[in-house]
Amino acid sequence: MAKLPYAFYQQLEVTQLAECLLGKKLCTLIDGKLTSGIVVETEAYRGPEDKASHAFGGRFTERTRVMYEPGGLSYVYLCYGIHSLFNVVTAPAGMPHAVLVRGLEPLDGLDLMLKRRNMSFLKPNLTAGPGALSKALGIDRQLNAKDLGGDEIWIEDVGIGYAANEIVAGPRIGVDYAGEDALLPWRYYVKGNSFVSKPHL
DNA sequence: AACATGATAAACT
DNA sequence: GTTTATCATGTTC
């Protein structure tokens with residue numbers, strides 16, 4: 001396997017990095033069981049200057065602490081009391097940028113993913129949406145602040161690269177509270193892929 | 001009190 | 001079939 005190098009996570013342009021994550025393979029190894037999928041949808045959160053970011057204005061709390069670490073760690077937090085959302089911490093130390101993974105195309109461990117989701121057959125919403133994919137891969141807050149070069153959760157380059165005309169940028173989802181920042185086109189997804197969380201074209 | 005969601009049910013076409 | 005409403009649930013500030 002070819003795990004992504006730390007240098008990849010530490011580039012400063014978080015929007016560009018979010019776009020580059022499309023086509024990468026996100027894997028978890030939990031209780032000896034491998035599950036994985038290809039990333040088909042991401043959102044960039046630009047730390048201090050982005051109202052939609054948990055670290056807006058340089059906010060530093062117990063929850064956001066990990067976002068200030070050097071890129072290459074996981075950031076998993078609980079949303080609406082129910083869903084674990086998985087982010088990649090990016091940029092050099094002290095810069096709290098992150099990328100939310102919103103959609104995956106299932107690859108390894110399909111049976112286990114179905115079981116975790118209480119589903120009996122594959123349909124797109126198995127891993128379309130940040131809460132859904134986290135549940136399918138067994139991601140919860142146990143996996144917060146993990147090294148993405150480790151052996152519990154990691155990201156591999158499997159040589160998939162989408163052409164520029166297959167990638168669509170649009171406004172982020174569920175961040176209306178962020179005012180004008182909600183309109184920024186920092187959501188990236190693969191055109192026509194059925195594991196993208198929201199509107200299909 | 002607010003929150004980076006998902007499942008379901010009910011009311012439409 | 002599709003859109004719209006409602007709720008579950010718990011941590012953070």
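Computed over heavy atoms, backbone and side chain alike; hydrogens, waters and symmetry mates excluded. Every chain is numbered from 1 and lettered A, B, ... according to where its sequence line falls, protein lines coming before strand lines. Note that the structure is a prediction, hence the values are computed from the model and not measured.
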So what does A/A132 touch, heavy atoms closer than 4.0 Å: a base, only the sugar-phosphate, or nothing? sugar-phosphate
Report yes if at least one side-chain N or O of A/R117 is closer than 4.0 Å to OP1 or OP2 of B/dG6; otherwise report no. no
Can you tell me how far P of B/dA4 sits from OH of A/Y45, to the nearest Å? 8 Å
At less than 3.5 Å, do the side-chain atoms of A/H54 and the base atoms of B/dA4 form a donor-acceptor pair? yes
Is the shortest distance from a Lys or Arg side-chain nitrogen in A/E43 or A/R172 to a carboxylate oxygen in the other one below 4.0 Å? no
Is there a side chain to side chain contact (heavy atoms under 4.5 Å, CB included) between A/S36 and A/E156? Walk through the geometry before answering. CA-CA 10 Å; A/S36 74; A/E156 295 178 18; over 6 Å; no
Between A/Y45 and A/V99, is a side chain to side chain contact (heavy atoms under 4.5 Å, CB included) present by the stated rule, with each step listed? CA-CA 6 Å; A/Y45 286 83; A/V99 175; over 6 Å; no
Can you name the closest pair of heavy atoms from A/G131 and A/H83 and give their distance? CA-CB, 4.0 Å
Atom CG of A/D140 and atom P of B/dG6 are separated, to the nearest Å, by 16 Å
Rounded to whole angstroms, how far apart are NZ on A/K51 and C1' on B/dA2? 16 Å
Any strand, both distances under 3.5 Å, Watson-Crick or G-U wobble: C/dT6 pairs with B/dA7
Spacing between A/N118 atom CG and B/dA7 atom P, to the nearest angstrom: 11 Å
Tell me which nucleotide among B/dA4, B/dA7, B/dT5 gets nearest to the side chain of A/I173. B/dT5
Quick one: sort the A/Y9 and A/Y6 rings into parallel, tilted or perpendicular, breaks at 30° and 60°. tilted
Within a radius of less than 6.0 Å around CD of A/Q16, do more than 12 heavy atoms belonging to other residues, nucleotides or ligands occur? no
Length of the CZ-P vector between A/R116 and B/dG6, whole Å: 17 Å
Please list, for nucleotides 10-12 of chain C, all pairs of protein and nucleotide N/O atoms separated by less than 3.5 Å.
from, atom 1, to, atom 2, distance (Å)
C/dG10, O4', A/G81, O, 3.4

Here the distance between atom P of B/dG6 and atom CG of A/L85, to the nearest Å, is 7 Å
Could you tell me whether the side chains of A/R102 and A/S197 share a donor-acceptor contact shorter than 3.5 Å? yes
What's the CZ-P distance between A/F56 and C/dC13, to the nearest Å? 15 Å
Between A/K135 (NZ) and C/dA8 (P), how many Å, whole number? 16 Å
